[in-house]
> 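One structure, as C-alpha coordinates, below. Some questions next.
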Amino acid sequence: MIQGVKGMRDILPPASGVWNFVEAAARRIFTRFNYREIRTPILEETVLFARGVGEETDIVNKEMYTFEDRDGSSLTLRPENTASVIRSYIEHRLDQQPGLQKLYYIGPMFRRERPQKGRYRQFYQIGAEAIGSDSPAIDAEVIELVVAILHEVGIRDFELFVNSVGSKKSRARYNEALQAELKDVAPKMCEDCRRRAQSNPLRVLDCKVPEDQPIIERLPSILDFLDEEDREHFRRVREFLEDRQIRFTVNPRLVRGLDYYARTTFEITHGALGSQNAILGGGRYDRLAETLGSKTPAPGIGFSIGEDRLVMTVEASQALNPQRLDVYIAPMGDTALRHCAALAREIRELDLSVELGTDRKLKRMMELANKQEARFTLIVGDNEIVSQAYTLKDMASGDQQTLSRQALLDRLRRP
RNA sequence: GCGGCUGUAGCUCAGCUGGUAGUAGCGCCAGAUUGUGGUUCUGGAUGUCGAGGGUUCGAAUCCCUCCAGCCGCCCCA
(Lines give C-alpha, C1' and ligand atoms only; values in the text may rest on other atoms or scores of the structure.)
Protein backbone atom coordinates (compact mmCIF):
# COMPACT_ATOMS: atom_id res chain seq x y z
CA MET A 1 0.00 0.00 0.00
CA ILE A 2 1.24 3.46 -0.81
CA GLN A 3 1.27 5.52 2.35
CA GLY A 4 1.46 9.21 2.96
CA VAL A 5 4.89 10.65 3.65
CA LYS A 6 6.10 10.51 7.25
CA GLY A 7 5.05 13.50 9.30
CA MET A 8 2.51 14.61 6.70
CA ARG A 9 -1.15 13.90 7.06
CA ASP A 10 -4.49 13.98 5.36
CA ILE A 11 -7.12 16.24 6.83
CA LEU A 12 -10.43 14.48 6.29
CA PRO A 13 -14.01 15.45 7.02
CA PRO A 14 -15.31 16.17 9.56
CA ALA A 15 -11.96 17.52 10.86
CA SER A 16 -11.58 19.62 7.72
CA GLY A 17 -14.68 21.46 8.87
CA VAL A 18 -12.85 22.56 12.02
CA TRP A 19 -9.97 23.82 9.86
CA ASN A 20 -12.35 25.83 7.77
CA PHE A 21 -14.02 27.20 10.86
CA VAL A 22 -10.68 28.29 12.31
CA GLU A 23 -9.54 29.87 9.06
CA ALA A 24 -12.80 31.70 8.54
CA ALA A 25 -12.66 33.05 12.10
CA ALA A 26 -9.07 34.23 11.57
CA ARG A 27 -9.98 35.97 8.32
CA ARG A 28 -12.84 37.81 10.02
CA ILE A 29 -10.54 39.13 12.72
CA PHE A 30 -7.79 40.05 10.26
CA THR A 31 -10.32 42.06 8.30
CA ARG A 32 -11.45 43.88 11.44
CA PHE A 33 -7.86 44.90 12.09
CA ASN A 34 -7.38 45.95 8.46
CA TYR A 35 -4.98 43.18 7.50
CA ARG A 36 -5.03 41.90 3.93
CA GLU A 37 -3.90 38.54 2.63
CA ILE A 38 -0.56 37.85 1.01
CA ARG A 39 0.20 34.56 -0.72
CA THR A 40 3.83 33.78 -1.29
CA PRO A 41 5.32 30.72 -3.01
CA ILE A 42 6.01 27.58 -1.05
CA LEU A 43 9.45 27.31 -2.69
CA GLU A 44 12.10 29.97 -2.21
CA GLU A 45 15.78 30.23 -2.86
CA THR A 46 17.60 28.58 0.00
CA VAL A 47 19.64 31.69 0.71
CA LEU A 48 16.51 33.57 1.77
CA PHE A 49 16.06 31.37 4.83
CA ALA A 50 19.76 30.94 5.49
CA ARG A 51 20.13 34.69 5.76
CA GLY A 52 16.71 35.57 7.12
CA VAL A 53 16.15 32.90 9.73
CA GLY A 54 19.83 32.58 10.59
CA GLU A 55 22.59 30.18 9.59
CA GLU A 56 23.05 28.95 13.13
CA THR A 57 19.44 28.10 13.89
CA ASP A 58 18.28 24.50 14.05
CA ILE A 59 15.71 25.26 11.39
CA VAL A 60 18.32 26.14 8.83
CA ASN A 61 20.95 23.71 10.06
CA LYS A 62 19.02 20.51 10.13
CA GLU A 63 15.34 20.90 9.42
CA MET A 64 14.95 22.32 5.94
CA TYR A 65 13.79 20.45 2.87
CA THR A 66 16.42 21.69 0.47
CA PHE A 67 17.10 20.33 -2.98
CA GLU A 68 18.88 21.20 -6.15
CA ASP A 69 16.71 22.31 -9.03
CA ARG A 70 17.41 21.12 -12.56
CA ASP A 71 19.37 24.25 -13.31
CA GLY A 72 21.56 23.76 -10.28
CA SER A 73 20.02 26.38 -8.03
CA SER A 74 19.27 25.51 -4.45
CA LEU A 75 15.61 25.68 -3.49
CA THR A 76 13.94 25.15 -0.12
CA LEU A 77 10.41 24.36 0.97
CA ARG A 78 9.57 27.25 3.26
CA PRO A 79 10.07 26.43 6.96
CA GLU A 80 8.32 29.65 8.00
CA ASN A 81 6.83 32.61 6.18
CA THR A 82 8.20 35.83 7.63
CA ALA A 83 11.30 35.79 5.47
CA SER A 84 9.16 35.29 2.35
CA VAL A 85 6.83 38.12 3.26
CA ILE A 86 9.75 40.48 3.80
CA ARG A 87 11.33 39.33 0.55
CA SER A 88 8.08 40.09 -1.23
CA TYR A 89 7.79 43.43 0.57
CA ILE A 90 11.23 44.45 -0.66
CA GLU A 91 10.82 43.02 -4.16
CA HIS A 92 7.53 44.81 -4.79
CA ARG A 93 8.56 48.03 -3.04
CA LEU A 94 5.66 47.89 -0.63
CA ASP A 95 7.46 50.50 1.44
CA GLN A 96 6.26 52.94 -1.26
CA GLN A 97 2.65 52.17 -0.43
CA PRO A 98 0.94 54.55 1.97
CA GLY A 99 1.12 53.70 5.64
CA LEU A 100 1.87 50.39 7.26
CA GLN A 101 1.73 47.15 5.39
CA LYS A 102 -0.48 44.83 7.38
CA LEU A 103 -0.41 41.39 5.78
CA TYR A 104 -1.69 37.99 6.80
CA TYR A 105 -1.18 34.50 5.45
CA ILE A 106 -2.49 30.99 5.92
CA GLY A 107 -0.66 28.01 4.57
CA PRO A 108 1.67 25.03 4.91
CA MET A 109 5.26 25.16 6.17
CA PHE A 110 7.80 22.35 6.13
CA ARG A 111 10.37 21.28 8.70
CA ARG A 112 12.01 17.91 8.80
CA GLU A 113 11.74 17.20 12.50
CA ARG A 114 10.88 14.02 14.32
CA PRO A 115 7.08 13.97 14.18
CA GLN A 116 5.03 14.03 17.33
CA LYS A 117 1.56 15.03 18.32
CA GLY A 118 1.24 18.71 17.45
CA ARG A 119 4.46 18.57 15.47
CA TYR A 120 4.36 17.61 11.83
CA ARG A 121 6.74 17.91 8.93
CA GLN A 122 4.09 19.67 6.92
CA PHE A 123 2.29 21.95 9.31
CA TYR A 124 0.12 24.99 8.86
CA GLN A 125 0.55 28.49 10.09
CA ILE A 126 -1.85 31.38 10.31
CA GLY A 127 0.27 34.46 10.64
CA ALA A 128 0.53 38.16 10.09
CA GLU A 129 3.15 40.85 9.71
CA ALA A 130 2.86 44.58 10.37
CA ILE A 131 5.72 46.21 8.53
CA GLY A 132 6.85 49.80 8.55
CA SER A 133 6.68 50.98 12.13
CA ASP A 134 8.58 50.43 15.34
CA SER A 135 5.87 51.94 17.50
CA PRO A 136 5.11 49.95 20.65
CA ALA A 137 1.44 50.59 19.90
CA ILE A 138 1.75 48.23 16.94
CA ASP A 139 3.23 45.55 19.18
CA ALA A 140 0.23 45.85 21.47
CA GLU A 141 -2.22 45.81 18.58
CA VAL A 142 -0.66 42.70 17.09
CA ILE A 143 -0.98 40.95 20.42
CA GLU A 144 -4.56 42.18 20.77
CA LEU A 145 -5.19 40.69 17.34
CA VAL A 146 -3.98 37.19 18.21
CA VAL A 147 -5.96 37.25 21.42
CA ALA A 148 -9.03 38.24 19.40
CA ILE A 149 -8.50 35.28 17.08
CA LEU A 150 -8.33 32.88 20.02
CA HIS A 151 -11.50 34.38 21.47
CA GLU A 152 -13.21 34.12 18.10
CA VAL A 153 -12.62 30.37 17.97
CA GLY A 154 -13.81 29.98 21.55
CA ILE A 155 -10.51 29.51 23.36
CA ARG A 156 -10.18 31.36 26.68
CA ASP A 157 -7.89 29.40 28.95
CA PHE A 158 -4.55 30.27 27.46
CA GLU A 159 -1.53 32.05 28.87
CA LEU A 160 0.17 34.98 27.21
CA PHE A 161 3.85 35.59 27.89
CA VAL A 162 5.71 38.66 26.71
CA ASN A 163 9.33 39.64 26.91
CA SER A 164 11.90 41.88 25.32
CA VAL A 165 15.12 40.42 24.01
CA GLY A 166 16.60 43.79 23.06
CA SER A 167 18.99 44.10 20.21
CA LYS A 168 21.19 41.36 18.87
CA LYS A 169 24.11 42.89 20.74
CA SER A 170 22.42 42.91 24.10
CA ARG A 171 21.35 39.33 23.56
CA ALA A 172 24.94 38.32 22.89
CA ARG A 173 26.13 40.11 26.03
CA TYR A 174 23.40 38.40 28.00
CA ASN A 175 24.37 35.01 26.66
CA GLU A 176 27.93 35.56 27.82
CA ALA A 177 26.83 36.63 31.27
CA LEU A 178 24.56 33.62 31.52
CA GLN A 179 27.31 31.27 30.53
CA ALA A 180 29.66 32.76 33.09
CA GLU A 181 27.06 32.38 35.80
CA LEU A 182 26.20 28.84 34.81
CA LYS A 183 29.79 27.76 35.11
CA ASP A 184 29.38 28.05 38.87
CA VAL A 185 25.83 26.84 39.44
CA ALA A 186 25.27 24.27 36.71
CA PRO A 187 26.94 21.41 38.64
CA LYS A 188 24.16 21.70 41.23
CA MET A 189 21.42 21.37 38.62
CA CYS A 190 19.69 18.48 36.90
CA GLU A 191 21.38 16.36 34.28
CA ASP A 192 19.61 18.08 31.40
CA CYS A 193 20.61 21.51 32.63
CA ARG A 194 24.23 20.51 32.98
CA ARG A 195 24.17 19.46 29.36
CA ARG A 196 22.30 22.57 28.25
CA ALA A 197 24.71 24.86 30.08
CA GLN A 198 27.25 23.68 27.55
CA SER A 199 25.21 23.27 24.38
CA ASN A 200 22.60 26.00 24.66
CA PRO A 201 22.60 28.08 27.84
CA LEU A 202 19.31 29.79 27.03
CA ARG A 203 17.52 26.46 27.24
CA VAL A 204 18.36 26.20 30.93
CA LEU A 205 15.74 28.87 31.51
CA ASP A 206 13.07 26.49 30.24
CA CYS A 207 13.87 23.75 32.73
CA LYS A 208 10.81 22.50 34.57
CA VAL A 209 12.50 20.51 37.34
CA PRO A 210 11.20 21.99 40.63
CA GLU A 211 14.52 21.68 42.48
CA ASP A 212 16.25 23.83 39.85
CA GLN A 213 13.78 26.70 40.03
CA PRO A 214 15.45 28.59 42.90
CA ILE A 215 18.72 28.52 40.97
CA ILE A 216 17.08 29.64 37.75
CA GLU A 217 15.38 32.53 39.50
CA ARG A 218 18.76 33.85 40.57
CA LEU A 219 20.23 33.71 37.07
CA PRO A 220 20.62 37.04 35.32
CA SER A 221 17.58 38.37 33.45
CA ILE A 222 17.83 39.58 29.89
CA LEU A 223 15.78 42.60 30.92
CA ASP A 224 18.81 43.88 32.81
CA PHE A 225 20.84 43.87 29.63
CA LEU A 226 18.55 46.07 27.58
CA ASP A 227 19.68 49.53 26.60
CA GLU A 228 17.71 52.63 27.50
CA GLU A 229 15.63 52.76 24.31
CA ASP A 230 14.76 49.09 24.37
CA ARG A 231 13.70 49.38 27.98
CA GLU A 232 11.42 52.31 27.22
CA HIS A 233 9.96 50.51 24.21
CA PHE A 234 9.12 47.52 26.33
CA ARG A 235 7.64 49.68 29.10
CA ARG A 236 5.28 51.27 26.61
CA VAL A 237 4.27 47.92 25.09
CA ARG A 238 3.22 46.76 28.55
CA GLU A 239 1.38 49.98 29.15
CA PHE A 240 -0.55 49.65 25.91
CA LEU A 241 -1.41 46.04 26.74
CA GLU A 242 -2.74 47.10 30.12
CA ASP A 243 -4.80 49.84 28.46
CA ARG A 244 -6.32 47.13 26.28
CA GLN A 245 -7.00 45.00 29.37
CA ILE A 246 -5.03 42.11 27.99
CA ARG A 247 -3.78 39.82 30.71
CA PHE A 248 -0.16 38.82 30.28
CA THR A 249 2.86 37.65 32.20
CA VAL A 250 6.31 39.08 31.63
CA ASN A 251 8.59 36.14 31.20
CA PRO A 252 12.25 37.12 30.96
CA ARG A 253 13.01 33.50 30.15
CA LEU A 254 11.24 33.81 26.84
CA VAL A 255 14.42 34.37 24.90
CA ARG A 256 14.27 31.76 22.28
CA GLY A 257 13.25 32.46 18.76
CA LEU A 258 14.76 32.86 15.40
CA ASP A 259 17.80 35.02 14.88
CA TYR A 260 15.81 37.93 13.54
CA TYR A 261 13.85 38.65 16.70
CA ALA A 262 14.59 41.91 18.46
CA ARG A 263 12.83 43.71 21.29
CA THR A 264 9.32 42.37 21.84
CA THR A 265 8.73 38.62 21.78
CA PHE A 266 5.61 36.81 22.87
CA GLU A 267 4.12 33.38 23.08
CA ILE A 268 0.79 31.85 23.98
CA THR A 269 0.54 28.39 25.49
CA HIS A 270 -2.39 26.11 26.16
CA GLY A 271 -2.45 23.26 28.64
CA ALA A 272 -4.32 20.79 26.45
CA LEU A 273 -1.40 20.43 24.06
CA GLY A 274 1.05 18.37 26.08
CA SER A 275 4.70 19.05 25.50
CA GLN A 276 4.16 20.93 22.26
CA ASN A 277 2.21 23.49 24.24
CA ALA A 278 3.02 26.67 22.32
CA ILE A 279 0.04 27.53 20.21
CA LEU A 280 1.59 30.64 18.73
CA GLY A 281 4.67 32.77 18.90
CA GLY A 282 5.85 36.03 17.54
CA GLY A 283 8.01 39.03 17.90
CA ARG A 284 9.59 42.10 16.45
CA TYR A 285 12.24 41.95 13.71
CA ASP A 286 13.38 45.49 13.08
CA ARG A 287 16.51 44.66 11.10
CA LEU A 288 15.32 41.73 9.04
CA ALA A 289 14.56 43.74 5.91
CA GLU A 290 18.07 45.15 5.85
CA THR A 291 19.52 41.70 6.42
CA LEU A 292 17.66 40.64 3.31
CA GLY A 293 19.01 43.54 1.28
CA SER A 294 16.51 46.34 1.72
CA LYS A 295 18.05 49.78 1.25
CA THR A 296 15.51 51.33 3.58
CA PRO A 297 14.78 50.12 7.08
CA ALA A 298 11.48 48.31 7.50
CA PRO A 299 10.86 47.56 11.15
CA GLY A 300 8.17 44.98 11.62
CA ILE A 301 6.44 42.66 14.02
CA GLY A 302 4.53 39.51 13.39
CA PHE A 303 3.36 36.22 14.74
CA SER A 304 2.39 32.82 13.60
CA ILE A 305 -0.21 30.51 15.00
CA GLY A 306 0.36 26.77 14.75
CA GLU A 307 -2.90 25.97 13.02
CA ASP A 308 -2.58 22.23 13.69
CA ARG A 309 -2.30 22.97 17.40
CA LEU A 310 -5.06 25.54 17.35
CA VAL A 311 -7.36 23.03 15.66
CA MET A 312 -6.46 20.47 18.34
CA THR A 313 -7.47 22.79 21.15
CA VAL A 314 -10.64 23.84 19.36
CA GLU A 315 -11.56 20.19 18.89
CA ALA A 316 -10.89 19.54 22.56
CA SER A 317 -12.76 22.56 23.85
CA GLN A 318 -16.03 22.49 21.97
CA ALA A 319 -18.33 20.37 19.91
CA LEU A 320 -18.71 22.10 16.59
CA ASN A 321 -21.77 21.42 14.54
CA PRO A 322 -20.72 19.54 11.46
CA GLN A 323 -21.81 20.51 8.00
CA ARG A 324 -25.52 19.78 7.73
CA LEU A 325 -27.42 18.51 4.72
CA ASP A 326 -30.59 20.52 4.16
CA VAL A 327 -32.50 18.49 1.62
CA TYR A 328 -32.16 14.93 0.41
CA ILE A 329 -34.13 14.43 -2.77
CA ALA A 330 -35.37 10.89 -3.29
CA PRO A 331 -36.49 10.40 -6.89
CA MET A 332 -38.37 7.21 -7.64
CA GLY A 333 -37.29 5.98 -11.02
CA ASP A 334 -35.59 7.41 -14.09
CA THR A 335 -38.28 9.90 -15.03
CA ALA A 336 -38.27 11.35 -11.56
CA LEU A 337 -34.46 11.44 -11.50
CA ARG A 338 -34.43 13.58 -14.65
CA HIS A 339 -37.21 15.75 -13.33
CA CYS A 340 -35.40 16.31 -10.02
CA ALA A 341 -32.23 17.76 -11.52
CA ALA A 342 -33.96 21.05 -12.18
CA LEU A 343 -35.60 20.95 -8.78
CA ALA A 344 -32.23 20.37 -7.11
CA ARG A 345 -30.82 23.36 -8.95
CA GLU A 346 -33.64 25.61 -7.81
CA ILE A 347 -33.25 24.57 -4.18
CA ARG A 348 -29.48 25.02 -4.32
CA GLU A 349 -30.07 28.53 -5.56
CA LEU A 350 -31.70 29.17 -2.20
CA ASP A 351 -28.22 28.50 -0.74
CA LEU A 352 -29.29 25.18 0.70
CA SER A 353 -27.22 22.01 0.49
CA VAL A 354 -28.92 19.37 -1.57
CA GLU A 355 -28.13 15.71 -2.18
CA LEU A 356 -29.86 14.14 -5.14
CA GLY A 357 -30.29 10.44 -4.48
CA THR A 358 -29.69 7.90 -7.24
CA ASP A 359 -30.66 4.69 -5.51
CA ARG A 360 -33.61 2.72 -6.79
CA LYS A 361 -35.22 1.95 -3.46
CA LEU A 362 -36.98 4.61 -1.47
CA LYS A 363 -36.18 2.80 1.75
CA ARG A 364 -32.51 2.95 0.94
CA MET A 365 -32.66 6.63 0.15
CA MET A 366 -34.51 7.34 3.38
CA GLU A 367 -31.76 5.55 5.24
CA LEU A 368 -29.07 7.60 3.54
CA ALA A 369 -30.97 10.81 4.23
CA ASN A 370 -31.15 9.82 7.85
CA LYS A 371 -27.48 8.88 8.12
CA GLN A 372 -26.47 12.20 6.66
CA GLU A 373 -28.78 13.94 9.09
CA ALA A 374 -30.74 15.66 6.38
CA ARG A 375 -33.24 18.17 7.69
CA PHE A 376 -35.74 17.26 4.97
CA THR A 377 -36.30 14.49 2.52
CA LEU A 378 -38.18 15.31 -0.66
CA ILE A 379 -39.96 12.35 -2.20
CA VAL A 380 -40.60 12.56 -5.92
CA GLY A 381 -42.34 9.76 -7.76
CA ASP A 382 -44.87 9.42 -10.54
CA ASN A 383 -47.64 10.76 -8.32
CA GLU A 384 -45.72 13.92 -7.60
CA ILE A 385 -44.70 14.55 -11.17
CA VAL A 386 -48.22 14.12 -12.47
CA SER A 387 -49.82 16.25 -9.78
CA GLN A 388 -46.90 18.72 -9.51
CA ALA A 389 -47.19 18.28 -5.75
CA TYR A 390 -44.15 17.14 -3.82
CA THR A 391 -43.94 15.24 -0.59
CA LEU A 392 -41.65 16.94 1.91
CA LYS A 393 -40.73 15.05 5.03
CA ASP A 394 -39.32 16.73 8.11
CA MET A 395 -36.80 14.16 9.29
CA ALA A 396 -36.73 15.26 12.92
CA SER A 397 -40.45 15.17 13.54
CA GLY A 398 -41.42 12.70 10.83
CA ASP A 399 -44.15 15.06 9.64
CA GLN A 400 -44.91 14.95 5.97
CA GLN A 401 -46.73 17.44 3.80
CA THR A 402 -47.69 17.71 0.17
CA LEU A 403 -46.70 20.98 -1.46
CA SER A 404 -46.88 22.58 -4.86
CA ARG A 405 -43.54 23.48 -6.45
CA GLN A 406 -43.90 27.11 -5.36
CA ALA A 407 -45.08 26.25 -1.87
CA LEU A 408 -42.15 23.87 -1.55
CA LEU A 409 -39.61 26.55 -2.43
CA ASP A 410 -41.31 29.00 -0.06
CA ARG A 411 -41.28 26.44 2.70
CA LEU A 412 -37.56 25.71 2.23
CA ARG A 413 -36.65 29.37 1.94
CA ARG A 414 -37.36 30.01 5.62
CA PRO A 415 -35.71 27.76 8.15
C1' G B 1 19.11 13.39 14.99
C1' C B 2 18.91 10.32 20.05
C1' G B 3 16.06 7.19 23.74
C1' G B 4 11.44 4.59 25.17
C1' C B 5 6.51 2.54 24.10
C1' U B 6 3.03 0.87 20.44
C1' G B 7 1.24 -1.28 15.48
C1' U B 8 -4.66 -7.40 14.89
C1' A B 9 -11.22 -5.84 10.33
C1' G B 10 -13.35 1.25 8.46
C1' C B 11 -12.95 2.56 14.14
C1' U B 12 -12.10 0.81 19.45
C1' C B 13 -9.97 -3.55 20.95
C1' A B 14 -9.60 -9.26 22.65
C1' G B 15 -6.29 -13.20 21.32
C1' C B 16 0.32 -13.08 22.48
C1' U B 17 3.40 -19.31 28.49
C1' G B 18 4.08 -20.55 19.66
C1' G B 19 -0.62 -24.80 16.68
C1' U B 20 -2.48 -21.69 12.05
C1' A B 21 -7.71 -14.93 13.55
C1' G B 22 -12.62 -12.93 17.04
C1' U B 23 -20.82 -15.02 17.65
C1' A B 24 -16.47 -8.74 20.57
C1' G B 25 -18.58 -3.53 20.44
C1' C B 26 -19.51 0.38 16.88
C1' G B 27 -19.62 1.06 11.62
C1' C B 28 -20.63 -0.96 6.55
C1' C B 29 -23.86 -4.11 3.18
C1' A B 30 -28.39 -7.11 2.54
C1' G B 31 -33.23 -8.94 4.13
C1' A B 32 -37.94 -8.85 7.48
C1' U B 33 -43.63 -8.80 0.31
C1' U B 34 -43.57 -4.28 -4.42
C1' G B 35 -43.39 4.50 -2.45
C1' U B 36 -40.85 5.99 3.69
C1' G B 37 -35.48 6.57 7.76
C1' G B 38 -34.30 6.66 13.05
C1' U B 39 -35.85 1.26 17.23
C1' U B 40 -35.74 -4.12 16.81
C1' C B 41 -34.64 -8.89 14.55
C1' U B 42 -31.95 -11.97 10.91
C1' G B 43 -28.02 -12.73 7.61
C1' G B 44 -23.35 -11.08 5.22
C1' A B 45 -18.69 -8.87 3.68
C1' U B 46 -13.90 -7.03 4.98
C1' G B 47 -7.95 -8.57 7.60
C1' U B 48 -1.44 -10.69 2.96
C1' C B 49 -2.46 -9.94 12.36
C1' G B 50 2.35 -2.58 9.80
C1' A B 51 6.42 -4.64 6.00
C1' G B 52 10.52 -7.92 5.15
C1' G B 53 13.73 -11.63 6.97
C1' G B 54 15.09 -15.43 10.76
C1' U B 55 14.23 -19.49 14.57
C1' U B 56 10.70 -23.70 14.43
C1' C B 57 7.36 -29.45 12.06
C1' G B 58 4.37 -24.96 12.85
C1' A B 59 4.57 -17.63 14.52
C1' A B 60 -0.33 -12.56 15.09
C1' U B 61 2.37 -14.72 19.24
C1' C B 62 9.92 -15.55 19.98
C1' C B 63 14.43 -12.85 17.47
C1' C B 64 16.42 -9.16 13.81
C1' U B 65 15.80 -5.16 10.28
C1' C B 66 12.73 -1.57 8.22
C1' C B 67 8.26 1.56 8.17
C1' A B 68 4.62 4.38 10.80
C1' G B 69 2.36 6.55 15.25
C1' C B 70 2.76 8.16 20.31
C1' C B 71 5.89 9.84 24.63
C1' G B 72 10.53 12.11 26.28
C1' C B 73 15.11 14.76 24.57
C1' C B 74 16.07 18.53 21.04
C1' C B 75 13.53 22.38 18.67
C1' C B 76 9.60 25.22 17.86
C1' A B 77 4.16 26.68 15.70
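Chain letters run A, B, ... following the sequence lines, proteins first and then strands; every chain starts at 1. These values consider heavy atoms only, across backbone and side chains, with no hydrogens, waters or symmetry-generated copies.
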> Apply side chain to side chain donor-acceptor pair (under 3.5 Å) to A:R203 and list each qualifying residue two or more places apart in sequence or on a separate chain.
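Side chain to side chain donor-acceptor pair (under 3.5 Å) list for A:R203, sorted by chain: A:D206.
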> Donor-acceptor pairs under 3.5 angstrom involving side-chain atoms of residues 135-155 of chain A: please list them, not counting sequence neighbours.
from, atom 1, to, atom 2, distance (Å)
A:S135, OG, A:A137, N, 3.0
A:D139, OD1, A:R284, NE, 3.1
A:D139, OD1, A:R284, NH2, 2.6
A:D139, OD2, A:T264, OG1, 2.6
A:D139, OD2, A:R284, NE, 3.0
A:E141, OE1, A:K102, NZ, 3.0
A:E144, OE1, A:R244, NH1, 2.8
A:E152, OE2, A:R28, NE, 2.9
A:E152, OE2, A:R28, NH2, 3.0

> Give me, pair by pair, the N or O atoms of the protein and of nucleotides 46-50 of chain B that are less than 3.5 Å apart, along with how far apart they are.
none

> Can you check the distance between B:A21 and B:A14, where both ends of the measurement are the C1' atom (answer in whole Å)?
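Roughly 11 Å separates the two C1' atoms.
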> Sequence neighbours excluded, which residues qualify as side chain to side chain donor-acceptor pair (under 3.5 Å) partners of A:E307?
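Expected list: none.
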> Going by side chain to side chain donor-acceptor pair (under 3.5 Å), name the residues that satisfy it together with A:R287, two or more places apart in sequence or in a different chain.
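A:R287: side chain to side chain donor-acceptor pair (under 3.5 Å) contacts with A:E290.
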> What pairs of nitrogen or oxygen atoms, one from the protein and one from nucleotides 1-5 of chain B, lie under 3.5 Å apart?
from, atom 1, to, atom 2, distance (Å)
B:G1, OP1, A:R112, NH1, 3.2
B:C2, N4, A:R114, NH1, 2.9
B:G3, O6, A:R114, NH2, 3.3

> Quick one: list whatever passes side chain to side chain donor-acceptor pair (under 3.5 Å) with A:E384, sequence neighbours left out.
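A:E384 satisfies side chain to side chain donor-acceptor pair (under 3.5 Å) with A:T391 only.
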> Tell me whether the OP1 or OP2 atom of B:C74 has a side-chain N or O from A:K62 closer than 4.0 Å.
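No.
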> So what stems show up for RNA chain B if we need 3 or more Watson-Crick or G-U pairs in a row, all under 3.5 Å?
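Stems (3+ consecutive pairs) listed as B:1-7 with B:67-73, B:10-12 with B:24-26, B:28-32 with B:40-44, B:50-54 with B:62-66.
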> What pairs of nitrogen or oxygen atoms, one from the protein and one from nucleotides 39-42 of chain B, lie under 3.5 Å apart?
none

> Determine whether the aromatic ring centres of residues A:Y35 and A:Y104 are separated by less than 6.0 angstrom.
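No, they do not, as the ring centres are separated by 6.0 Å or more.
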> When you measure from every atom of RNA chain B, which of residues 17-54 of chain A have a heavy atom less than 4.0 Å away?
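Result for residues 17-54 of chain A: none.
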> Polar atoms only, N or O, under 3.5 Å: list the protein pairs with nucleotides 25-28 of chain B and their distances.
none

> Using a 4.0 Å cut-off on heavy atoms, which residues in residues 396-410 of chain A reach RNA chain B? List them by number, or say none.
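The answer is A:A396, A:G398, A:Q400.
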